[in-house]
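One structure is given below, encoded as structure tokens.
Letters go in sequence order (proteins before strands), and every chain restarts at 1.
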Number of protein chains: 2
Amino acid sequence: MTGIDMDAIDRRILAILQENGRLSNQEIAERVNLSPSPCLRRIRRLEESGVICGYVALLDAQRLGLDLLAYVNVRLEKRGVPLESSAALRVRTTHAEFFRASVQAWPEVVACHAMTGEMDYLLRVRVEDMAHFSRFVQDQLLHHPSVIDVKTSFSLETIKETTALPIR
Amino acid sequence: MTGIDMDAIDRRILAILQENGRLSNQEIAERVNLSPSPCLRRIRRLEESGVICGYVALLDAQRLGLDLLAYVNVRLEKRGVPLESSAALRVRTTHAEFFRASVQAWPEVVACHAMTGEMDYLLRVRVEDMAHFSRFVQDQLLHHPSVIDVKTSFSLETIKETTALPIR
DNA sequence: CGTGAAACATTAGCGGC
DNA sequence: GCCGCTAATGTTTCACG
């Protein structure tokens, strides 16, 4: 269920790829002192085992006009009748399930975690400006039947932001 | 300073690349109904303009044994003497500058923002387990001369997590 | 923007340690 | 088992129409 066997070379390959996912297999092979074939076999194995989830291009939010980053704490309704989630299927759903499905559908929510503490969920929200944020909170979040309360903090400045995990 | 001119094709290329950063230029060209050369020219232009910041492999934190994700709110000392940051240079530094430099050096901190609200910074921290987290808070954060107070919430479950930005 | 050709990269099969 | 060679195939890249 958890990790597969990995040796030091596998970990070096991961460290290289999570910094630059477009290096050629040849280049990676050179850096880990292997010939291209075994290196590629290792990479494929790491991909198939799920340690490597995927490859993406990282975009600059500001240059795309997404100047506002907000962290929104959300508290959900926990009691009361579950909802009819789908008019067609008439499947009964809990508030949590309904909220999670909505989160998946909102593109401005780039991350969402169930959290310890007073609030239930923490949302990371990226939008163009305060007007868009206000519309998102009013029209989507507060309008959502499962949401009781929201508390927002805004990012003033990003000090650090990396997708690279600390590999020991 | 902000974005460059982008047409609908550029935006489609960005949308494709932020989902799969390893697609071949030929494949992308096909999907946007272009031949490989102009498609590659557009991609290079997006890279050089900084809209595309880079390409990375995304790794599975759990399969790497990083089972704990915490959001740590940090409050900093604001008054009092600035510190001697470097014994060699004897450069005076503010508490904020000193803290930011430390954050860059801590690999378990995968994100850090200066925030509105009562606390000054929000840290996203990835570690193996509670023992590691405890050591990080005790030995690094609370031991840091600029840190006054920390408040932590733990992620119970990740509902959504994407590096893909909402491109309108 | 598209074509074509050279340079380069990926990948499967096979033999050796 | 895991490595490295080779050779075929596919991809990137650039000068030019």
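A straight line from CG of A/L34 to C1' of C/dT10 spans 16 Å, rounded to a whole angstrom. Between A/I28 atom CD1 and C/dC8 atom P there is a gap of 18 Å when expressed in whole angstrom units. Taking atom CE on A/M6 and atom C1' on D/dC2, their separation rounds to 18 Å, with Å as the unit. Atom CZ in A/R42 sits roughly 13 Å away from atom C1' in D/dG4 (whole-Å rounding).
B/R135 and B/E108 are not joined by a salt bridge, as no carboxylate oxygen comes within less than 4.0 angstrom of a charged side-chain nitrogen. A/R31 and A/E19 are not joined by a salt bridge, as no carboxylate oxygen comes within less than 4.0 angstrom of a charged side-chain nitrogen. A salt bridge does not link A/R100 with A/E97: none of the charged nitrogens is closer than 4.0 Å to a carboxylate oxygen.
The 12-atom threshold is not exceeded at CG of B/D5, counting heavy atoms of other residues, nucleotides or ligands nearer than 6.0 Å.
Between B/D7 and B/D10 the shortest side-chain heavy-atom distance falls below 4.5 Å.
Cluster annotation: B/M119 and B/V103 are assigned to distinct hydrophobic clusters (Ile/Leu/Val/Met/Phe/Trp/Tyr, side-chain heavy-atom contacts under 4.5 Å, transitive).
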Can you give me the N/O atom pairs linking the protein to nucleotides 11-16 of chain D at distances under 3.5 Å, or say none if there are none?
residue: D/dT11; atom: OP2; partner: B/Q26; partner atom: NE2; Å: 2.8
residue: D/dT12; atom: OP1; partner: B/N25; partner atom: N; Å: 3.0
residue: D/dT12; atom: OP2; partner: B/N25; partner atom: N; Å: 3.0
residue: D/dT12; atom: OP2; partner: B/Q26; partner atom: N; Å: 3.2
residue: D/dT13; atom: OP1; partner: B/R44; partner atom: NH2; Å: 3.3
residue: D/dT13; atom: OP2; partner: B/R44; partner atom: NH2; Å: 2.4
residue: D/dC14; atom: N4; partner: B/S37; partner atom: OG; Å: 3.4

